[in-house]
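It should be emphasised that the depicted structure is a prediction, and the values quoted were computed from it without experimental measurement. Counting begins at 1 with the first residue of the sequence.
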Amino acid sequence: CGLGIRSYAKGFINLSKRSVASLDDYVKLELLEKEDAATIKKIWVEYHRQRHCVAAVIEPKVFDTLAPRTKQCPLFVLPLPRKENYETMFIQCTENAWAITPLHDVQKEASFAKPVVSIRFFHELATTKDLILMTGEIHTDKLSVQHAQALVNQIQLFYLNNGLYENHVKVFNLSPANFDYNNVIRAVENLGVDAK
């Protein structure tokens, strides 16, 4: 991999603290549990709409596809479209948390690099409401909500689409010598992702 990040893979960011947060830390869970699934979705989206963050509601069956793939292949890089070029973002995943960090920060600061977006998944309503709630905290004013949402969408596309996962994510993690970042850029362009 010509991006020079494989050496930072082990112990890059400690996501364990991020993955233990509970939904009750964000909302009054006992009140939310009284609502039906459609109302919970509406509340979750509205709660996050006026904040500098991203949020989503996904079905457990979607997450059940995503989780083992992020466990098998916890690292990836994605291009974030900017005005005249791309900024490469380094993605690190655990089952319940993702960290998105500019690659240049990872290359300069290694384990001290700070994510610009931290994603958390909450499973408290998976069984009773068939919902998994996601929130993504944006830790910089240099990244808009639109940019953060584009990155989250790209992560989901690359990990959930069999072709993108096999041809890019797995290659990056399991045979990095064969990884070509230009192919990822072309795939993103073919998807029509534009966060400029």
Side-chain angles (χ1 to χ4, degrees), residues 11-76 78 80 89-102 105-106 111 113-161 164-165 169 173 193 195:
F12 166 59
I13 298 170
N14 182 357
L15 292 175
S16 61
K17 291 180 183 172
R18 289 179 179 81
S19 62
V20 296
S22 72
L23 184 56
D24 211 30
D25 294 335
Y26 289 89
V27 296
K28 293 183 179 177
L29 185 56
E30 70 278 358
L31 295 177
L32 206 57
E33 289 174 324
K34 295 176 183 177
E35 304 293 342
D36 61 38
T39 303
I40 292 170
K41 287 180 187 179
K42 184 177 178 182
I43 290 169
W44 189 251
V45 171
E46 284 301 315
Y47 175 81
H48 290 89
R49 186 178 312 262
Q50 296 163 2
R51 292 169 170 74
H52 190 63
C53 64
V54 293
V57 179
I58 62 174
E59 296 176 12
K61 66 181 179 182
V62 173
F63 190 82
D64 290 345
T65 300
L66 195 58
R69 288 182 171 194
T70 59
K71 184 176 182 177
Q72 180 187 26
C73 298
L75 307 174
F76 197 51
L78 285 169
L80 175 63
M89 297 299 215
F90 180 67
I91 314 302
Q92 183 184 13
C93 304
T94 67
E95 186 175 337
N96 291 315
W98 301 343
I100 303 171
T101 310
D105 290 353
V106 174
S111 63
K114 293 186 175 25
V116 292
V117 182
S118 299
I119 307 291
R120 292 184 182 101
F121 295 93
F122 301 100
H123 300 264
E124 288 88 340
L125 301 172
T127 305
T128 59
K129 305 294 181 180
D130 200 35
L131 301 173
I132 293 178
L133 304 179
M134 186 233 31
T135 186
E137 298 174 30
I138 302 170
H139 307 293
T140 178
D141 58 357
K142 295 178 182 168
L143 191 70
S144 69
V145 171
Q146 181 183 7
H147 286 132
Q149 188 64 59
L151 288 165
V152 170
N153 292 345
Q154 284 185 51
I155 295 168
Q156 290 179 10
L157 285 168
F158 274 85
Y159 276 88
L160 292 172
N161 177 286
L164 294 173
Y165 179 73
V169 178
N173 283 271
V193 175

List for me each residue that meets side-chain contact (heavy atoms from CB on, under 4.5 Å) alongside Ala56, sequence neighbours excluded, and say none if there are none.
->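 Counting only residues at least two positions away or on another chain, Ala56 forms a side-chain contact (heavy atoms from CB on, under 4.5 Å) with Met134.
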Check whether any side-chain heavy atom of [X] lies under 4.5 Å from a side-chain heavy atom of [Y], and answer yes or no.
| X | Y | answer |
| --- | --- | --- |
| Thr65 | Tyr159 | no |
| Lys42 | Thr39 | no |
| His123 | Asn96 | yes |
| Met89 | Val117 | no |
| Pro60 | Asp130 | yes |
| Asp105 | Phe90 | no |
| Leu66 | Leu160 | yes |
| Cys93 | Phe76 | no |

Please assess Asn173 against Gln72 for the test side chain to side chain contact (heavy atoms under 4.5 Å, CB included), listing each intermediate value before the final yes or no.
-> CA-CA 8 Å; Asn173 283 271; Gln72 180 187 26; over 6 Å; no
Least distance between heavy atoms, [X] atom then [Y] atom:
| X | Y | result |
| --- | --- | --- |
| Glu35 | Lys129 | O-NZ, 2.7 Å |
| Ile40 | Leu32 | CD1-O, 3.5 Å |
| Leu143 | Ile138 | O-CG2, 3.6 Å |
| His139 | Pro115 | CD2-O, 3.4 Å |

Separation between [atom1] of [X] and [atom2] of [Y], rounded to the nearest 0.5 Å:
| X | Y | atom1 | atom2 | result |
| --- | --- | --- | --- | --- |
| Ile119 | Ile100 | CD1 | CD1 | 5.0 Å |
| Tyr165 | Cys73 | OH | SG | 3.5 Å |
| Glu46 | Lys41 | CD | NZ | 14.5 Å |
| Ile155 | Thr70 | CD1 | OG1 | 10.0 Å |
| Ile91 | Trp98 | CD1 | CH2 | 9.0 Å |
| Arg69 | Phe158 | CZ | CZ | 13.0 Å |

For side-chain hydrogen bond (donor to acceptor under 3.5 Å, both in side chains), just list the numbers for Asp141 and His52, CA-CA rounded to whole Å, side-chain angles, deciding distance to a tenth of an Å, and then say yes or no.
-> CA-CA 9 Å; Asp141 58 357; His52 190 63; over 6 Å; no
Take His147 and Leu80 through the side chain to side chain contact (heavy atoms under 4.5 Å, CB included) test and state the conclusion after the steps.
-> CA-CA 7 Å; His147 286 132; Leu80 175 63; 3.8 Å; yes
Please say whether the positively charged group of Arg120, taken as NZ for Lys or CZ for Arg, lies over the ring of Phe122, i.e. under 6.0 angstrom from the six-membered ring centre and within 45 degrees of the axis.
-> no
Mind telling me whether Phe63 and Phe121 have parallel, tilted or perpendicular rings, with 30° and 60° as the class edges?
-> tilted
Under 3.5 Å, is there a donor-acceptor pair between the side chain of Asn161 and the main chain of Leu157?
->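 A pair under 3.5 Å: no.
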Check whether any side-chain N or O of Lys142 sits under 3.5 Å from a backbone N or O of Val116 as a donor-acceptor pair, and report yes or no.
-> no
By salt bridge (charged side-chain N to carboxylate O under 4.0 Å, His left out) - contacts of Lys61 (at least two apart) =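 Per chain and number, Lys61 pairs via salt bridge (charged side-chain N to carboxylate O under 4.0 Å, His left out) with Glu59.
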Is it true that atom CD of Glu30 has more than 12 heavy atoms of other residues, nucleotides or ligands lying nearer than 6.0 Å?
->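 Yes, CD of Glu30 has more than 12 neighbouring heavy atoms, counting only those of other groups under 6.0 Å.
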Stepwise, does the side chain to side chain contact (heavy atoms under 4.5 Å, CB included) test hold for Leu75 with Gln92?
-> CA-CA 5 Å; Leu75 307 174; Gln92 183 184 13; 3.8 Å; yes
